[in-house]
Protein chains: 2
Amino acid sequence: MSVTIRDVAKAADVSATTVSRVFNHSDLVHSDTQERVRNVANRMGYRPNATARSLSHGRTQTVGVILPAPHGEFFSEIIRGIDEVAQEAEHYMLISSSHYSLSESEAALQSLQGRVDGLLIMTIQADAQRGLLDEYAIDVPVVFMNNASESLPYNSFKIENRAGGYAATQHLIERGHRRIGIILGPPHSHDVRERRRGYRAALHEAGIDPDAQPVIEGDFTQASGYEAGRRLLELDTLPDAVFSCNDYMAIGAMSALQKRGVRIPTDLAMAGFDDIPSAQYTTPALTTIRVPVYDLGRHAAERLFSMIHAADPERPRQTVLPTELIVRAST
Amino acid sequence: MSVTIRDVAKAADVSATTVSRVFNHSDLVHSDTQERVRNVANRMGYRPNATARSLSHGRTQTVGVILPAPHGEFFSEIIRGIDEVAQEAEHYMLISSSHYSLSESEAALQSLQGRVDGLLIMTIQADAQRGLLDEYAIDVPVVFMNNASESLPYNSFKIENRAGGYAATQHLIERGHRRIGIILGPPHSHDVRERRRGYRAALHEAGIDPDAQPVIEGDFTQASGYEAGRRLLELDTLPDAVFSCNDYMAIGAMSALQKRGVRIPTDLAMAGFDDIPSAQYTTPALTTIRVPVYDLGRHAAERLFSMIHAADPERPRQTVLPTELIVRAST
DNA sequence: GCCACATCGCGAATCGTTACACTCATAAGA
DNA sequence: TCTTATGAGTGTAACGATTCGCGATGTGGC
């Protein structure tokens, strides 16, 4: 069906090896021959078969990306970061989403095995995931975009979740608020747990009882934030301020509150987390904790490629990504 | 290095053929043998090499997706739709982004060739793109997620852009506005052109001179919308209403306007296009034209898989995706 | 005792490309 | 003149799985 390297070889009256060399190590073949082969190849419409190529030298030119979800501004930004680096390195992205489920994440890990040169993984429970690598004897470089346990021999990135939660809460306290609620994310999320810890620590330090504050559950979506906003309205008294574990929920909550006439920040101050692109375009613009999401994607991908190209394995590192308080009009 | 089918065969004391049969045509081998082989395979950590498999029977279990960009809520939703279907069909998504450039799109097309079983393409200039398919003799099924020319033998989806632009504008007129500006998207975008046509038609019909209305250029990003908002403020008189060619820009523009004290919808009404998830959570919630973006992804992917699995080629169809006016608080 | 059928093996070819180990000139050096 | 080196190109064996054509068993039914 398709024209193969041997067809070209025959037509150009050289060996298949020579044709292969023209496309791979062109310095090994005479320029005249090269030109002839190239012409013939073009004329015949020859395109090297990527699959055969992969099989032959064990490189797929593809990296696997496993994310909780393939959409939303947060993951979107990560993908953008990875995409940028991958394109420079002439690699493709095979994206697989676990839908926040550990078993799906496991399935993705298994079936991605063998089709990629490396793996970039983000799960909500990095702790649980890491065991799988041993179990399934993953033999390609892996970079975790969450914090795996520090003791484990994997490359990973650690967002300063606790410091971020602390900074956001402290900021709210400084603004004079005493009754500060929190909107949580998915229950098993390590990130959420840490952000909450920072929140509690800040309250505690200021002499405010963390256990007396309103706690609303969410799942990181705008819709759940909206729902959280409605729950806040049902409370006997509205809190002075709310720390939302991500921006999407903060946006949803603000929407629900504003719809009922609650003025932000006058009646209630709102702080988010992540600093997704949309955060600066809400009304009022959202005070939040900036997470270098795009950089996370970029750095993780860069790390992965350096592992892929390295002759001998580098020592795994855990990189800390700093968070930063961005004060806008919502507080 | 890795454990092969022959290793398993040896260990399970069967032939490689049998092992292969276990994993492919399991009905041809006795259940006892099957179990034994499966156990051994598991114990040894055998994973069939996907590349070899692909080479052998010409299927990659992968579909290629070419989008202008891999991020943002619009493309994000498309990806979600495709992802859903692909996962059901046990296929992977190879995502490639053209960064709104035709040449990059071309490059992606070329190099995706041979690594995928089918292609889902969205470009800003579908007209220019379609020629490439012939030129590069793409031999896998292709579905365009934009409207290719109706005369061409490709499957494609057509968003009712013109009707949408018309509906949005007419709605603004019905609300009593007479001076209605427009924020455009990327200059070469076919979608933008059509939306603008609808906008102009509605104005014309209402006896309003389209050429007398403010026109601001944008590029579909929130940032460009924000900039557009600032430009509006520099005009001698603010228009009564604005139709933005997508939601992201509408959100950006609202942000800039509100920051300067412009009340929406009292001082200025704003309508967007797309109905991205965020549109319902802005303050005020955004009136917009709903495009079934998620469905577009789903349907396109479903169509693609039906082509991939079909024995004989089906006749290409052009499917029209209806748009719908969603009235919210911004008008 | 014969036949049908289920189960499995064997060897070899195939998919398209790449890499190793050569050969064969021709040129340079002593 | 006889090595020795070098540039240019070839032949063939991988890479790992699937598939095909047979053929070899063994089992059960009648």
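Just so we're on the same page: letters track the sequence lines, and every chain starts at 1.
For the pair V14(B) and R6(A), nearest-nucleotide mapping onto DNA chain C gives the more 5' position to V14(B). With the nearest nucleotide of DNA chain C identified for both H57(A) and A52(B), A52(B) has the one nearer the 5' end. A residue-by-residue look at A50(B) and R21(B) shows that A50(B) has its nearest nucleotide of DNA chain D further toward the 5' end. Comparing S15(A) and L55(B) along DNA chain D, the residue whose closest nucleotide (by nearest heavy atom) sits nearer the 5' end is S15(A).
Classified by interplanar angle (parallel below 30°, tilted 30° to 60°, perpendicular above 60°), the ring pair H299(B)/F157(B) is parallel.
Surrounding CG of N24(A) are more than 12 heavy atoms belonging to other residues, nucleotides or ligands, all under 6.0 Å away. Within a 6.0 Å sphere centred on CD of E35(B), other residues, nucleotides and ligands contribute 12 heavy atoms or fewer. By the 6.0 Å contact criterion, NE2 on H188(A) is open, its count of non-hydrogen atoms from other residues, nucleotides or ligands being 12 or less.
The separation between N49(A) atom CG and dT14(C) atom P is 17 Å, rounded to whole Å. We find that CZ of R36(B) is positioned 14 Å from P of dT7(C), with the value rounded to whole Å. If you measure from atom NE2 of H25(A) to atom C1' of dT17(C), you get 11 Å, rounded to the nearest angstrom. Residue D32(A) contributes atom CG, which lies 16 Å from atom P of dG7(D) at whole-angstrom precision. The distance between atom OH of Y46(A) and atom C1' of dT18(C), rounded to the nearest whole Å, is 10 Å. Following rounding to the nearest Å, K10(A) (NZ) and dG11(D) (P) show an atom-to-atom distance of 12 Å. Between M44(A) atom CE and dG16(C) atom P the separation is 13 Å, expressed in whole Å. As rounded to whole Å, 13 Å separates atom P of dT10(D) from atom CG of L28(A).
OP1 or OP2 of dT18(D) lies within a sub-4.0 Å distance of a side-chain N or O belonging to S20(B). Contact annotation: R53(A) reaches the phosphate of dT18(C) (side-chain N/O to OP1 or OP2, under 4.0 Å). A sub-4.0 Å separation between OP1 or OP2 of dT10(D) and a side-chain N or O of T18(A) is present.
The residue F23(B) sits apart from the nucleic acid: no heavy atom pair falls under 4.0 Å. If you check every strand for non-hydrogen atoms under 4.0 Å, D7(B) touches nothing. Using a 4.0 Å heavy-atom distance criterion, T33(A) is classed as a sugar-phosphate-only contact. Backbone-only contact: T4(A) has heavy atoms under 4.0 Å from sugar-phosphate atoms and none from a base.
Of all nucleotides listed (dC15(C), dG9(D), dA17(D)), dG9(D) comes nearest to the side chain of V29(A). Taking the side chain of T17(B) as heavy atoms from C-beta on, and the options dT18(D), dA19(C), dG11(C), the nearest nucleotide is dG11(C). Of the candidates dT7(C), dA19(C), dG16(C), dT7(C) carries the atom nearest the H30(B) side chain, counting heavy atoms from C-beta on. Out of dA19(C), dT17(C), dA17(D), the shortest distance to the side chain of I5(B) is found at dA17(D).
Pairing each heavy atom of D83(A) with each of S97(B), the nearest pair is OD2-OG, 2.7 Å. Looking at every heavy atom in both residues, L304(A) comes nearest to P141(A) through CD1-O, 3.5 Å.
With hydrogens and angles left out, the side chain of S56(A) and the base of dT17(C) share a donor-acceptor pair within 3.5 Å.
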